[in-house]
Each structure stands twice: as structure tokens, then as C-alpha cells.
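Have a look at the structure below before the remarks.
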Amino acid sequence: MADQDDLYVMRHSLAHILATAIQHQYPNAKFGVGPVVDNGFYYDIDLGDTKLSEDDFERLEQEMRKIIKADYPFERSEKPIDEAIAWAKDAKQPYKEELLNDLKRAGTTIAKELDAAELGTITNGEAAVEAVSFYTDGDFTDLCRGPHVQSTGKVGAFKLQRISGAYWRGNDKNPQMQRIYGIAFSTIEQLEKQLHLLEEARSRDHRKIGREMDLFVFSDRIGSGLPLFTPRGTVLREELSRFAESLRRDAGFDRVAIPHITKTELYKVSGHWDKFGDELFLVQSQETSDQFALKPMNCPHHNEIFASLPRSYRDLPIKYFETTTVYRDEKTGELGGLSRVRSITQDDSHAYCRRDQIEAVVAGLINDVHTLYTTLGMTLRARLSFRDDSNKYLGDPSLWNEAQETIRNLATTNELDYFEAAGEAAFYGPKIDFMATDALEREHQVATVQLDFVQPERFNLVYTADDGSEQRPVIVHCALLGSIERFLSVYIEHTAGRFPVWVAPEQVRIITVNQEDKTVAFAENIAAQAKELGLRLVVDNSNESVGKKIRAAELAKVPYTVVIGEKEMTSEQVNPRIRKDMVVNEGEQLCSVEEFLKTVANEAKARVSKTSLGAHEHADRK
RNA sequence: GCCGAUGUAGCUCAGCUGGUAGAGCAGCUGUUUUGUAAACAGCGGGUCGCAGGUUCGAGUCCUGUCAUCGGCUCCA
């Protein structure tokens with residue numbers, strides 16, 4: 001789309017304008033790279049000991065506006081590569097110099113391709129570059145492929161957004177630079193819309209909602225990355241995992257249960273020790289010399305169950321599942337809310353199958369993934385996560401090729417909306433990773449289906465084929481929700497806490513008009529009936545005004561609220577108040593208590609979602 | 001783990017250049033007996049994340065540490 005390209009060019013030009021402003025105010029600045037990203041741009045800068053903060057943004061933006069107002073043309077020029085290197089040296093721009101040297105040597109500045117070039121296997125056919133182009137606006141010149149807008153006056157609306165550290169070329173061995181992010185759009189209206197969206201995202205932050213709705217907490221005494229789920233949050237976890245488990249049962253998976261610690265030896269067999277040994281929580285027995293670890297994944301345990309009996313081709317596929325917690329010593333800086341935790345509950349499954357069964361097993365899992373996410377109101381895209389040329393993968397490359405080809409075919413035959421990503425595979429095999437789009441159009445990785453030819457080898461898993469020979473099964477790993485903690489972080493933000501009835505921790509709230517005995521008794525009677533039906537109902541007979549109690553119920557995002565007073569007790573009919581975001585059907589208004597409770601119970605049982613999960617323009621504050 | 005920022009009552013936040021902590025909501029008590037998004041009054045609540053240091057004196061300055069946030073890196 002031409003529009004998109006214009007926006008891209010404009011954002012790129014703004015990155016240069018930012019760099020120009022930086023150079024004006026910090027003449028000793030050393031520049032890294034300044035690319036375009038979603039919704040905007042950034043520039044990486046090394047200012048030595050000078051630390052910028054967001055307080056500096058206004059000043060920088062003013063300088064940028066000055067440059068925009070001056071309307072300097074963006075002028076392209078070319079230099080032979082050696083001349084360019086001399087320029088960078090002269091301008092004291094070591095990072096540019098490094099990039100130019102890479103261009104000269106390998107024809108690329110991309111780390112992956114550079115590695116390949118070192119090994120002599122460069123595949124993109126680029127030869128060493130002989131000349132490079134520069135762009136100049138005003139007194140700032142930058143190595144750049146372009147294109148740019150005609151002049152600095154021709155950029156749209158922008159705003160500097162945040163600042164952070166970023167390693168030079170994304171490598172943690174390299175020095176860290178300061179990265180300034182800005183967002184940019186063609187018009188002020190679009191920019192404001194984006195700022196509004198960011199604010200909406202902030203108001204939906206699962207950490208904020210988790211506290212407001214009393215779903216989960218963290219404790220300094222327990223440690224970072226170790227969430228505690230309150231009764232309400234636990235309802236969420238259990239409803240979601242119960243649904244995922246029911247899909248598993250229907251698909252013929254058998255539930256298993258395993259201990260949470262194991263001898264570390266297990267992971268030396270699986271290959272995880274070499275790769276993730278430093279992320280294991282170690283546990284020491286006080287009696288034996290064995291070293292144990294908290295399990296960081298479940299597959300090796302399940303493998304041992306499979307290996308515990310001789311298996312016939314007739315028994316396959318053998319399918320295990322369980323919802324269980326694994327523990328990973330994630331680096332503290334990588335933790336955040338429920339998105340990244342150290343105690344990770346997975347709805348994990350492993351299917352041990354013959355090669356001729358892979359298609360059917362995976363097709364069944366894909367079907368379950370779709371059922372689950374359709375019910376949750378999220379759309380999916382699939383990423384086929386394949387290996388790249390690096391040596392971080394185990395197993396025979398020909399098996400990999402076969403597995404990747406199988407996955408590609410499965411994606412096609414199952415009509416997945418998919419794309420391929422090299423370098424995203426697990427170390428033991430390629431994956432189909434599902435990305436869910438939430439109500440704010442953000443994508444999150446959720447379910448995963450993985451083919452594994454490596455672990456059966458390493459664990460020497462076998463079954464007897466129809467000709468009496470020993471054969472290797474293939475493992476199909478799958479998690480539907482992925483990590484329940486992570487999934488909850490996504491789902492809370494997707495729904496903004498306005499859960500459909502079947503997941504809502506509190507489904508119905510009864511509000512009494514007064515505190516007279518008969519009113520309270522009537523409410524308690526409804527509560528008893530609701531309990532019979534398995535509904536989660538709370539009675540609010542506190543000494544507050546009806547208005548205030550209604551408000552409290554709405555803020556607690558309870559789907560249905562019923563006010564009980566003289567009117568209801570006489571008529572034995574109630575007028576349920578329905579949470580604002582939910583779609584109302586005609587004829588739902590006045591009904592008997594029994595009718596109302598049954599309707600809600602059926603809605604919960606059928607996992608109906610009446611909520612329109614889009615962005616509700618702050619429906620709860622007006 | 002790395003860079004930067006932040007940490008004051010259950011929550012959201014105020015507390016100027018160092019002089020010994022305050023509001024709203026929530027909670028509790030009382031009055032009120034309430035009709036679909038906030039009745040009124042009173043009360044309780046903080047070793048200012050933690051540990052050192054500077055100072056006559058530290059919520060305020062310095063150092064360390066823990067935690068959180070924004071990124072980077074990583075993610076079986």
C-alpha cells in the first residue's frame with residue numbers, strides 16, 4: 001500500500017531528524033542505528049556518561065520541530081566504501097565505521113548473515129559492497145539506504161515516547177546504548193488515536209486489573225516471579241484449564257501425574273541440561289548425594305511413563321496430558337506480572353505416535369486449539385517455527401527437514417493462516433506456534449504444537465511394529481493455553497476483566513434494598529438456589545445505598561446484578577441488571593428467580609460469551 | 001543478567017531548596033432503612049521498601065541491597 005510506504009519513509013526520516021536534534025545538543029554523540037518500528041521509530045545513541053531521561057524529551061522535541069520548520073532537503077550522496085570508512089573515522093562514529101567495515105567485508109550488516117559469512121556459507125548472494133549512500137539533512141549526514149521524504153518539513157505528527165537501554169547490535173556482550181523511541185503518524189488525529197490506544201492498554205494492564213479485581217498478588221517474602229492466586233483468580237485458572245482439559249479428554253488423552261522434582265540426570269539425557277542448565281532451580285537431598293532439580297518441563301517425565309512398558313504399534317498413539325507447574329529460574333530483569341513468571345503452570349500433553357499417525361494427531365490438536373480460542377473470542381494466526389543454520393539444534397538434519405515438511409503440509413491441509421519463521425524452533429524440533437489477536441489488535445503467542453524426533457532417540461523410546469521390528473515413536477508436544485499464567489495475562493487484557501459468565505469469578509450479585517430480616521432471608525434463599533445450580537453468587541446486604549452497591553457491582557465487573565426489595569418479594573420476579581458490555585437479548589428482563597438462575601447456569605454451562613470484547617470506550621467511568 | 005526510572009496508609013497519590021507525615025477511596029463504628037453507578041458523621045491505620053552513612057536533625061542527601069516499571073538479551 002502506497003500509504004503504508006509513505007508512513008514508513010516518514011518515520012524513517014523522523015529517526016534522522018531525531019538524530020539531527022541529538023547531534024545539535026550533544027555534539028559528541030555516537031550514533032548506532034535508527035530504524036522504523038511498529039507505530040514509529042527509534043534511534044540508538046551512545047552519549048558516554050550522559051544519561052538522557054524522559055524529562056529531556058520536551059527539549060529534544062522542540063529541537064526536532066525547529067529542524068522540521070527549517071525544511072532542510074534530504075540530500076542523497078554516494079561515496080566509495082573506503083572513502084565512507086574514512087568519513088566515519090573522521091566523524092568519530094565508531095559504530096558507523098563498524099557497519100561500513102561489515103558492508104565492505106560481507107556485503108551485509110545483519111548479524112545472522114555475518115555469522116554465515118564467517119563460515120563461508122553466505123546464502124543471499126551479496127558480494128562485498130563497493131559504494132554506499134548517505135543522506136544529509138541540514139548539518140547532519142547519516143549512512144542510509146533511504147528513501148526519505150523530500151525535506152524535513154514533510155513529516156507528520158510525532159511524539160517521543162520512551163527511552164531505554166539497548167545492546168549494540170542486540171548482543172549482550174556489546175556496549176549498551178540509549179534507545180529513544182518515538183511514535184509517528186501522518187496526521188495529528190491518527191497520532192492521538194494511537195496515544196488513546198496506549199492509554200486504553202494501560203487501563204487494561206493485567207497487573208492493574210489483577211489488583212483491582214483481587215485475582216492475584218505477589219509477595220516480597222515469597223519472591224519475584226512467583227504469583228499467588230486469590231480465590232477469585234483461582235476460579236479463572238480452574239475454569240480455563242477445566243475447559244482445556246475437557247478438550248483433551250474428548251480427544252482421547254489420558255491424564256497422568258508426576259512429581260515436581262527429579263534427579264538432574266534426567267535432563268542430561270534429554271539435552272536440556274546443556275542448553276538450560278543455568279536456569280534450573282537445584283534441590284539437594286540431605287541424605288543422598290543425588291542432585292535434584294525442580295522440573296522445568298514435563299516431557300522427560302512423560303517419556304519415562306511411556307518407556308515403563310513394552311509398547312505395541314497397536315497401542316499407539318499413546319497420549320498423556322496434565323496441568324502442572326514447572327519452575328524456571330528466569331533472570332529477574334525478564335520477569336513481569338503474569339506474562340513472565342518463575343512458576344509456570346502448563347496444560348501440557350505428549351502424544352507418542354507412529355509416523356503414519358502424525359497427521360491425524362496434529363490435526364486433532366489444531367482442531368482443539370481452534371475450539372478453545374473461538375470460544376474465548378480470539379482469532380489465531382500460526383507461526384511455523386523452523387530451524388536456521390546455527391548449531392543450537394539437536395538431531396539429524398534430514399529428520400528436521402522431514403519434520404518441517406510435515407508441518408508445512410499440515411498447515412496447508414488444515415487451512416491455517418500461517419507464516420514461516422526460521423530460527424524460532426525448539427532445540428529438539430520444529431513447532432506450530434499459535435498467535436492470538438486480542439481486542440486491542442495485539443498479537444500474543446499462546447498455543448503450541450511441536451514435533452519431536454530427538455527425544456525418542458535420546459530416551460531410546462521404542463514400540464514393536466507389525467513386522468516385529470523395533471521402531472521409534474514420534475512425540476507431538478502440545479499446550480493449548482500454553483502457560484496458564486501467561487495466558488491469563490493475555491486474557492485479562494483481552495477482556496479488560498469483563499469475563500463471560502462461565503469464567504467470571506463472581507457471576508451474580510444480589511443487592512438488598514434494606515437490611516430487614518425478611519429481605520436478607522429472601523436473598524440468602526436465592527443464594528442457596530444458586531449454589532445448587534453451581535453458580536458463583538455473592539449477596540451484598542451491607543448498610544449502603546442501593547446506588548452505591550450497584551456501582552460497586554459494576555466496578556467489580558459482575559455480569560448479573562439483581563436488586564431485592566419489597567417489589568421482588570411480592571411479585572417473586574426479578575429484573576436482572578446486565579453488565580454494560582454484554583449483549584442483551586429481548587425478553588430477558590422480568591423473570592422469576594428460578595428462571596433467571598437457570599438461564600445464567602445454562603449460559604455458564606454452554607460457555608456462552610455475551611460480551612462484545614472490543615475496546616469499550618471506558619464504559620466503566622462516566 | 002544489562003541500561004534507565006521508581007518505591008510514602010489496603011489502593012491512587014501529595015509532601016517546595018533536609019526541621020520529625022497528609023488527602024481521597026477502601027476499612028471500622030454510629031446515624032439512616034435506602035430502588036438501579038458514590039447518604040451523613042466519627043474513628044482507626046504509616047519503623048516513608050530494607051540496611052548502613054552524612055548531619056544537631058533524613059521521607060527528603062550519599063552508598064549498598066531488595067522489589068517494581070520501561071526496554072535490551074533470553075525463553076525448553
Side-chain angles (χ1 to χ4, degrees), chain A residues 42 44 46 51-55 161-181 202 205 207-208 211-212 214 217-225 267 270-280 295-300 326 328-337 339-341 344 346 348 392 394 424-429 431 445 448 450 452 454-455 477 479 482-483 486 511-516 519 541-556 561-568 575-578 580 619-622:
Chain A
Y42 69 75
D44 283 349
D46 181 349
K51 302 294 177 201
L52 292 176
S53 80
E54 290 181 16
D55 299 338
Q161 198 62 19
R162 61 170 59 105
I163 188 159
S164 69
Y167 296 110
W168 167 237
R169 308 188 97 169
N171 186 329
D172 59 6
K173 305 284 182 293
N174 285 340
Q176 209 158 33
M177 313 184 73
Q178 300 188 67
R179 177 170 297 179
I180 300 175
Y181 286 92
R202 260 193 295 279
D205 189 309
R207 291 165 293 204
K208 182 167 171 278
R211 192 174 48 242
E212 286 168 357
D214 186 25
V217 293
F218 289 88
S219 156
D220 283 4
R221 268 197 279 269
I222 285 170
S224 57
Y267 302 121
S270 69
H272 290 93
W273 183 262
D274 283 342
K275 199 143 168 55
F276 299 109
D278 57 344
E279 288 177 45
L280 294 183
K295 70 176 159 86
M297 89 291 302
N298 308 305
C299 25
V326 297
R328 297 178 186 172
D329 190 4
E330 307 280 6
K331 302 282 163 277
T332 52
E334 291 158 358
L335 299 169
S339 315
R340 193 76 179 269
V341 293
I344 307 157
Q346 299 176 325
D348 204 2
K392 56 188 177 185
L394 297 182
E424 294 289 340
F427 73 85
Y428 50 70
K431 315 185 276 182
Q445 192 184 321
T448 178
Q450 313 179 355
D452 183 356
V454 171
Q455 286 199 52
H477 306 245
S483 142
R486 226 189 81 75
I511 290 173
T512 60
V513 170
N514 58 44
Q515 295 172 292
E516 288 166 14
T519 319
N541 59 11
S542 60
N543 182 13
E544 297 290 350
S545 67
V546 171
K548 187 164 181 176
K549 291 200 269 191
I550 294 274
R551 177 179 148 82
E554 194 73 47
L555 291 176
T561 305
V562 175
V563 177
I564 295 298
E566 204 57 49
K567 219 163 54 189
E568 286 74 18
N575 182 15
R577 192 179 204 282
I578 299 165
K580 287 249 159 58
D620 54 353
R621 52 176 148 116
K622 78 148 177 205

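Throughout, protein chains are lettered first and strands after them, A, B, ... in sequence-line order, and every chain is numbered starting at 1.
Residues A:T448 and A:H477 are not in side-chain contact: their nearest non-hydrogen atoms beyond the backbone lie 4.5 Å or more apart. By the 4.5 Å heavy-atom criterion applied to side chains, A:R486 and A:R340 are not counted as neighbours. Looking only at side-chain heavy atoms (C-beta outward), A:R202 and A:K208 stay at 4.5 Å or farther from each other.
In this structure, OG on A:S224 lies 11.5 Å from CD on A:E334, to the nearest 0.5 angstrom. Interatomic distance, OG1 of A:T519 versus CG of A:N541, reported as 9.5 Å (0.5 Å rounding). The distance from the NZ atom of A:K295 to the CZ atom of A:R328 is 10.0 Å, given to the nearest 0.5 Å.
Here the C1' atom of nucleotide B:U34 and the CG atom of A:N543 are 8 Å apart, to the nearest Å. One atom, NE2 of A:H272, and another, P of B:C75, lie 13 Å apart when rounded to the nearest Å. One interatomic measurement links the two molecules: CG of A:N541 to P of B:G35, which rounds to 17 Å at whole-angstrom precision. Rounding to whole angstrom units, CD1 of residue A:I163 and P of B:A5 are separated by 10 Å. The CD1-C1' distance, from A:I180 to B:G4, rounds to 12 Å in whole Å. Taking atom CG of residue A:L52 and atom C1' of nucleotide B:A5, one finds them 13 Å apart after rounding to whole Å. Between the CG atom of A:L280 and the C1' atom of B:C75 there is a distance of 14 Å, given to the nearest Å. The distance from atom CD of A:E54 to atom P of B:C3 is 18 Å, rounded to the nearest whole Å.
Looking at the side chain of A:F276, the nearest of the listed nucleotides B:C75, B:U36, B:C72 is B:C75. When distances are taken from the side chain of A:F427 to each of B:G35, B:A76, B:G1, the shortest belongs to B:A76. Of the candidates B:U33, B:G70, B:U73, the closest approach to any side-chain atom of A:Q515 belongs to B:U33. Listed nucleotides B:G35, B:A76, B:G1 differ in distance to A:K331; the shortest reach to its side chain belongs to B:G1. Side-chain proximity of A:E554 to B:A37, B:U32, B:A39: nearest is B:A37. In this structure, of B:G35, B:A39, B:C72, it is B:G35 that holds the atom nearest to the side chain of A:V513. With B:G1, B:U33, B:A76 as the candidates, the nucleotide lying closest to the side chain of A:A426 is B:A76. The A:I550 side chain lies nearest to B:A37 when the options are B:A39, B:A37, B:C69. Closest contact between the side chain of A:R340 and the listed nucleotides B:C75, B:A76, B:U36 involves B:C75. Considering only the side chain of A:E544, B:A39 comes nearest among B:A76, B:A67, B:A39.
In this structure, A:V563 reaches the bases: a heavy-atom distance under 4.0 Å links it to at least one base atom across the strands shown. At a threshold of 4.0 angstrom between heavy atoms, the contacts of A:D172 are confined to the sugar-phosphate backbone, with no base atom among them. Looking at heavy-atom distances under 4.0 Å, A:E568 makes contact with a base. A:E516 comes within 4.0 angstrom of sugar-phosphate atoms only, judged by non-hydrogen atoms across all strands, and of no base. Base engagement by A:E566 is indicated by at least one non-hydrogen atom pair under 4.0 Å involving a base atom. Counting non-hydrogen atoms under 4.0 angstrom, A:G277 reaches nothing in the nucleic acid. Across all strands shown, A:G170 has heavy atoms under 4.0 Å from sugar-phosphate atoms exclusively, and none from any base.
Taking atom C1' on both B:A37 and B:G4, the two are 41 Å apart, rounded to the nearest angstrom. B:G49 and B:A58 have their P atoms separated by 15 Å, with the value rounded to a whole Å. For the C1' atom pair drawn from B:C69 and B:U47, the interatomic distance equals 26 Å after rounding to whole Å. If you take atom C1' in B:G45 and the same atom in B:C11, they sit 13 Å apart, rounded to whole Å. A gap of 37 Å separates the P atoms of B:C66 and B:G27, to the nearest Å. Taking the P atoms as reference points, B:G44 lies 40 Å from B:A5, given to the whole Å. Spacing of C1' atoms, B:G15 relative to B:G24, comes out at 15 Å, to the nearest Å. Spacing of P atoms, B:G22 relative to B:G59, comes out at 14 Å, to the nearest Å.
Checking side-chain atoms of A:Q178 against main-chain N and O of A:L52 turns up a donor-acceptor pair under 3.5 Å. At distances below 3.5 Å, at least one donor-acceptor pair connects side-chain atoms of A:S545 with backbone N or O atoms of A:K548.
Both geometric conditions, a ring-centre gap below 5.5 Å and a plane tilt below 30°, are not fulfilled together for A:Y181 over the base of B:G71.
Counting atom types as modelled, A:K431 pairs no side-chain N or O with a base atom of B:A76 as donor and acceptor under 3.5 Å. A:N575 contributes no side-chain N or O that forms a donor-acceptor pair with the base of B:U36 under 3.5 Å. At a cut-off of 3.5 angstrom, the base of B:A76 holds no donor-acceptor pair with the side chain of A:Q450. Counting atom types as modelled, A:Q178 pairs no side-chain N or O with a base atom of B:C3 as donor and acceptor under 3.5 Å. One cannot find a donor-acceptor pair under 3.5 Å joining the base of B:G71 and the side-chain atoms of A:Y42.
In this structure B:C2 sits in a base pair with B:G71, meeting the Watson-Crick or G-U test at under 3.5 Å. Base pairing analysis places B:A14 opposite nothing; no Watson-Crick or G-U wobble pair with both distances below 3.5 Å involves it. Shown here, B:A41 forms a base pair with B:U29; the pair counts as Watson-Crick or G-U wobble because both key distances fall under 3.5 Å. Look at B:G7: its Watson-Crick or wobble partner, with both distances under 3.5 angstrom, is B:C66. Pair check for B:A21 finds none; no Watson-Crick or G-U wobble contact set falls under 3.5 Å.
OP1 or OP2 of B:G71 has not a single side-chain nitrogen or oxygen of A:R179 nearer than 4.0 Å. Within the structure, every side-chain polar atom (N or O) of A:K173 is placed at least 4.0 Å from both OP1 and OP2 of B:C72. For the pair A:R328 and B:A76, the criterion of a side-chain N or O lying under 4.0 Å from OP1 or OP2 is not met. Of the side-chain N and O atoms in A:S53, none sit less than 4.0 angstrom from OP1 or OP2 of B:G4. Residue A:S164 has no polar side-chain atom (N or O) positioned under 4.0 Å from OP1 or OP2 of B:G4.
Between A:R577 and the choices A:V563, A:V562, A:I550, the side chain to side chain contact (heavy atoms under 4.5 Å, CB included) rule is met once, by A:I550.
Classified by interplanar angle (parallel below 30°, tilted 30° to 60°, perpendicular above 60°), the ring pair A:H272/A:Y267 is perpendicular.
Nearest-nucleotide mapping onto RNA chain B: of A:G565 and A:D220, the residue sitting toward the 5' end is A:G565. Each of A:K567 and A:E334 was matched to the nucleotide of RNA chain B holding its nearest heavy atom; the match closer to the 5' end belongs to A:K567.
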